[in-house]
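Residue numbers run from 1 in the order of the sequence given. Keep in mind that what you see is a predicted model, and the values were worked out from it rather than measured. Counting convention: from 1, in listed order, for ligands and their atoms alike.
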Amino acid sequence: MGCRIDLLFFLSIAFLSSYVLADLIVTKVDRRIDLTSHIIRIISSVKVENDGDDPVSAFLVAFPDHHAKHLAFLSASQNEGKGKTKGPRASLPIEASKPEGTPPSLEFYSITLPKGIAKGETLTLDILAVFAHILKPFPEQVAQGDFQLVLFQDSAYYLSPYLVKSQTLTVKLPDARIESYTKLEKSKVQGSELKYGPYENQPPFSYTPIVVHYESRKPFAVAQKLVREIEISHWGNVQITEHYNLIHGGAHLKGEFSRLDYQVNPQAKGAGAFSRLVARLPPRVHSIYYRDEIGNISTSRVWSDSKKTEVEIEPRYPLFGGWKTFFTFGYSLPLKDYLFQSEGKRFLNISFGSPIEELLIEELIVKVVLPEGSRDMYVSVPYPMEQWQETKLSHLDIVGRPVVALRKTNAVPEHNQHFQVYYKFNSVSLLREPLMLILGFFFLFVACIVYTHTDLSISKSSPSYLAKLQWDEVGQYSLVDFRKSNLLVQTAVQQLENIINRRLMIYDKLEVSLRDLSRTGNIQACKTARKSADTLLKELSKELKPLLAFLQSSPQAARFFSKAEELVAKERELQEKLIAKHSIIVDCYEKKLSGREIENRIALHQQKITALRQEVDDLLEFIEGI
Ligand SMILES: *[C@@H]1O[C@H](CO)[C@@H](O)[C@H](O)[C@H]1NC(C)=O
Ligand SMILES: *[C@@H]1O[C@H](CO)[C@@H](O)[C@H](O)[C@H]1NC(C)=O
């Protein structure tokens, strides 16, 4: 399979063996391939010597194209030797390069050496290459209880345009079964590591394919798309909302999934699935939430100490190979840890990628939402990516908030570096929202005064009366015309919700009147409250009838009409019980019975009321979801 590709590839580079690129030689290279996760890292420590007469200022690294197309991240730094490695080392500039006369099956990157290498000098480079989607599940499908096996291919020799004097290769495997590996001269297994070499004096472009076939138990967590929204509020918060489209990128599940088997023995029958992900957040994070299409998931766990906060994210169901899930993860961070000022500008300095461990993100979109009124924005990013600007309108905004958007494909954890968004902001703008709120409340207040001085009975020109007329008409005459209109069904459903909600509010008022009664003992006030409630309920019942008739006759409403009917029935039952309870209590007060006696008399009613209220709420929620 893959070996044949390698063989062709091997032939094509045989042409090159006479091709000598420069005066550099690699005197020693130690390569370490880390296969413990689905994101593959190759770390090479390369000692280079200038064997020519002229100074050289660039070093070339080569990848076979079937690897190069999966290269997600490449970095190089100069290793100054022992004792000088404190602190992070500056990474050297790298660019793709295509030296003349090289075959299309190889891709080159040129590492710029700022100081160059003079004649006879040596230096050591540490090169990190990170690959995504490079492992092939083999077989492609596994049964529910099996771990997946994967194939990895590379060369036992360091593929280089230079002569390589001495080299070793170590392949670090997960602590699990090694099905097979290519055995060569000087190759051995040591614990969970495969060792190749040392090999001496390999000419340029030496290549010997090796294939490792091994068991991988790590979750292949792949976000096909992740949209991170980072919203700055000058009131002290950075709110981060992350929308994940996640897939298990490993071997697909063979046959049907048996939930029963899984529930009986999740360890064995969920072997290849992953049921938890870990997100590492900063220490002072707060307001963490995690929800999916159905609602909040509270099974996630949070640990925190002074250095970090860890959140365990547990999807509603285990994710097997090829399975997908969608969820939203949100949290808030203190603004002062991330927003700084410099030279009259403010800037946000925050990490780019996902806090979830070992996640590969095929498409990462980061949107920074700045406060309304921000201007002169610009972004400083650690590596090239697509950028654009948009506007976000939320409540209380007048012109909208400026949004800086960034897009990166194939993001691996190494891309999770800090980036900065600079902008100017006038502090006076900060007062706009509170001022608007104050004005808003003022107008609301005025409106209330006007409203309470208006006649509240139904007048012949009031919108609700006209709506009622319209429904009566709909119910009786012109159904046929309207049947096609889904919109009308939706409006009817909204009206239904509206009426039920108003009735629930009346019940709340009745409860309040009972509480007042127990506090003040004013029976008359309680009776008055009851009377006005009765009148209102009767009015609402009249509005309800034509609505139900309309829904019953609408084909579009057929799939949920029974629920609507149930809602109305349950709600009516709730009303009966509540009225009964109200009467009993008022009666008891008139007879001056003790609180305990009253409790006893209404206990059963109260139970029923609580249950009914829950049922009504659930049904309402269902109807709202239509
Ligand atoms: C979900 O959790 C968030 C944050 O804790 C909360 O604001 C929201 O009301 C919850 N939603 C539901 C439906 O429980
Ligand atoms: C951004 O924050 C990181 C981590 O705290 C820090 O290393 C870096 O220097 C900061 N960058 C700027 C421009 O302040």
Flag: protein heavy atom within less than 4.0 Å of atom 7 (O) of ligand 2: no

Nearest-0.5 Å distance, CG of residue L169 to CG of residue D30: 9.5 Å

Atom 5 (O) of ligand 2 [closest protein heavy-atom partner, distance rounded to 0.1 Å]: H418 NE2, 4.2 Å

Euclidean distance, Q167 CD relative to Q202 CD, rounded to 0.5 Å: 6.0 Å

Spacing of CZ belonging to R31 relative to OG1 belonging to T170, to within rounding of 0.5 Å: 9.5 Å

Parallel, tilted or perpendicular: ring planes of Y244 versus F327, cut at 30 and 60 degrees: parallel

Shortest reach to atom 14 (O) of ligand 2 by a heavy atom, considering only N349, L348, D337: N349

Interatomic spacing from NZ in K218 to CD in Q148 - rounded to 0.5 Å: 12.0 Å

Any F340 heavy atom less than 4.0 Å from ligand 2: no

Contacting atoms of ligand 2, where contact means under 4.0 angstrom from a heavy atom of F347: 14 (O)

Under 3.5 Å: N/O of Y422 near N/O of ligand 2: no

